[in-house]
Engineer: 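My questions all concern the structure below.
Both counts, for ligands and for their atoms, begin at 1 and track the order of listing. Just so you know, these numbers use all the heavy atoms, side chains as well, and skip hydrogens, waters and symmetry mates.
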Amino acid sequence: MTNEFIEINDVSVNYEINNLLAVSGLDMKIKSGSFSAVVGPSGCGKSTLMKILSGLIKPTTGNVKINNFEVTGPQNFVGMAFQNPVMMPWRKTLENVLIPFEILKQNKSKKENIEEAIKLLKIVGLGDFIDSYPWQLSGGMQQRASLCRALVHKPKLLVLDEPFAALDAFTREELWCVLRDLWIDHKFTTLLVTHDLREAAFLADKIFVMSARPGKITNVHNVNFKHKRDLKITYSEKFVKLTQNLRKEISNNRS
Ligand SMILES: Nc1ncnc2c1ncn2[C@@H]1O[C@H](COP(=O)(O)OP(=O)(O)OP(=O)(O)O)[C@@H](O)[C@H]1O
Ligand SMILES: [Mg+2]
């Protein structure tokens, strides 16, 4: 027994279809309630890591433990959001956010689920759009809704794979603050994959840097900025230095 929430032990993933070793010798330890970011060169296996964590694929060797239990398939205590919001176009925003309750068995009533979904939609500024269809929302609004869908069943683990990559800089920073506030209030353990080093440094307490494929962790940075963080810190010398160091490490890992 350990007090780590997530333990990834010497994991490798070899995709059989093309005999491609995506990650190898991957080790990570993550504490409950923490916010971690994963950065690294394109194609190094970050999304593969997220899929292993959420139980969507199984490691070829090694194991992944969450709460001391080995992950052997999709988990109901995980919430996920990806680069493209993947909303169902025939469902209104509220109905899209309610999807996890249809998949997961929960004791709560439909009324309570709807209340929870509306509460979240209001927090992210979509209170007036619950009855809109996804195609009536902007990209940023769809991403907000997708964040609500990932969180509506109160997951213990939130897995985000480049959730804000497709957004303009202003909307992206706005959503950083939305995520920051939700995390401070609920302290779900969060793992965020991003190519945006400012995003990683602003949101995370720990940043894992990955090597080129086959990916493994080459460095871990502890980020010591106090919570709740203001966007102003992104202009501080310490912050800029951290993002420069990350950039250098990733550039070295590419070559
Ligand atoms: N389902 C799959 N089948 C076969 N190969 C795959 C599959 N998924 C990913 N790969 C390969 O595994 C490697 C790692 O891919 P992955 O998507 O995990 O990288 P990534 O770090 O998320 O990249 P990016 O930063 O571009 O999103 C790549 O070479 C990719 O082609
Ligand atoms: Mg990816």
Engineer: Is L191 reachable from I52 through a run of hydrophobic residues whose side-chain heavy atoms are each under 4.5 Å from the next?
Structural biologist: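 Yes, it is one cluster - the side chains of I52 and L191 are joined through contacts under 4.5 Å.
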
Engineer: Go through the steps for L151 and L158 under the test side-chain contact (heavy atoms from CB on, under 4.5 Å), then give the verdict.
Structural biologist: CA-CA 7 Å; L151 289 171; L158 178 66; 3.9 Å; yes

Engineer: Is the closest side-chain heavy-atom distance between Q143 and L175 below 4.5 Å?
Structural biologist: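 In contact.
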
Engineer: Are L26 and L157 linked, directly or through other ILVMFWY residues, by side chains that come within less than 4.5 angstrom of each other?
Structural biologist: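 Linked, L26 and L157 end up in one cluster.
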
Engineer: Which residue owns the protein heavy atom closest to atom 26 (O) of ligand 1, what's the atom, and how far is it?
Structural biologist: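 Residue, atom and distance for the closest contact: S42 OG, 2.6 Å.
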
Engineer: Nearest protein heavy atom to atom 21 (O) of ligand 1: under 4.0 Å?
Structural biologist: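 So atom 21 (O) of ligand 1 has protein heavy-atom neighbours under 4.0 Å.
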
Engineer: Of the side chain and backbone of N18, name the one, both, or neither that has a heavy atom under 4.0 Å from an atom of ligand 1.
Structural biologist: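 Within the 4.0 Å criterion, N18 contacts ligand 1 through side-chain atoms alone.
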
Engineer: Decide whether the shortest distance between a heavy atom of H195 and an atom of ligand 1 is less than 4.0 Å.
Structural biologist: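 Within the 4.0 Å threshold, so yes.
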
Engineer: Quick check on contacts: which atoms of ligand 1 are under 4.0 angstrom from a heavy atom of L20?
Structural biologist: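 Checking each atom against L20, I get 11 (C), 12 (O), 13 (C), 29 (O).
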
Engineer: Any nitrogen or oxygen of G43, main chain or side chain, under 3.5 Å from a nitrogen or oxygen of ligand 1?
Structural biologist: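 For ligand 1, there is an N or O atom that lies under 3.5 Å from one belonging to G43.
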
Engineer: Tell me which protein heavy atom sits closest to atom 1 (N) of ligand 1, plus the residue, atom name and distance to 0.1 Å.
Structural biologist: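 Protein heavy atom with the smallest distance to atom 1 (N) of ligand 1: Y15 CE2, 3.7 Å.
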
Engineer: Classify the contact between R213 and ligand 1 as side chain, backbone, both or neither, using a heavy-atom distance cut-off of under 4.0 Å.
Structural biologist: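 Side chain only.
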
Engineer: Quick one: does E162 get a heavy atom under 4.0 Å from ligand 1?
Structural biologist: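 Contact present.
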
Engineer: Say whether H227 and D205, considering side chains only, have a donor N or O and an acceptor N or O under 3.5 Å apart.
Structural biologist: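 Per modelled atom types, H227 and D205 side chains form a pair under 3.5 Å.
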
Engineer: With heavy atoms only and a cut-off of under 4.0 Å, state how V23 meets ligand 1: side chain, backbone, both or neither.
Structural biologist: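 Contact part for V23 vs ligand 1: neither.
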
Engineer: Fit a plane to each ring of F225 and F239, take the angle between them on a 0 to 90° scale, and name the class: parallel (under 30°), tilted (30 to 60°) or perpendicular (over 60°).
Structural biologist: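 Aromatic pair F225/F239 classed tilted.
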
Engineer: Would you mind checking which non-hydrogen protein atom is closest to atom 17 (O) of ligand 1, with the distance to 0.1 Å?
Structural biologist: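 Its nearest protein heavy-atom neighbour is S47 CB, 3.6 Å.
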
Engineer: Could you walk me through whether V38 and M50 pass the side-chain contact (heavy atoms from CB on, under 4.5 Å) test, one step at a time?
Structural biologist: CA-CA 10 Å; V38 180; M50 294 297 153; 4.2 Å; yes

Engineer: Tell me whether F202 is reachable from L147 by hopping between hydrophobic residues (I, L, V, M, F, W, Y) whose side-chain heavy atoms are closer than 4.5 Å.
Structural biologist: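 Same hydrophobic cluster.
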
Engineer: Flag the pair E7 and K29 as a salt bridge only when some basic side-chain nitrogen lies within less than 4.0 angstrom of an acidic carboxylate oxygen.
Structural biologist: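 Salt bridge between E7 and K29, a charged N being under 4.0 Å from a carboxylate O: yes.
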
Engineer: Identify the closest protein heavy atom to atom 19 (O) of ligand 1: which residue and atom is it, and at what distance?
Structural biologist: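 Result for atom 19 (O) of ligand 1: G45 N, 3.3 Å.
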
Engineer: Is the shortest side-chain N to carboxylate O distance from K241 to E237 below 4.0 Å?
Structural biologist: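 No, no charged N to carboxylate O under 4.0 Å.
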
Engineer: Could an N or O of ligand 1 be found under 3.5 Å from any N or O of I17, whether backbone or side chain?
Structural biologist: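 In fact, backbone or side chain, I17 has no N or O that close.
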
Engineer: Using a cut-off of strictly less than 2.8 Å, determine whether S47 has an N/O/S atom near the Mg ion (ligand 2).
Structural biologist: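 Yes, S47 qualifies, because one of its backbone or side-chain N, O or S atoms lies under 2.8 Å.
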
Engineer: Ignoring hydrogens, just give me the one of N19, T48, V38, N14 whose non-hydrogen atom is nearest atom 18 (O) of ligand 1.
Structural biologist: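 Result: the heavy atom closest to atom 18 (O) of ligand 1 is in T48.
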
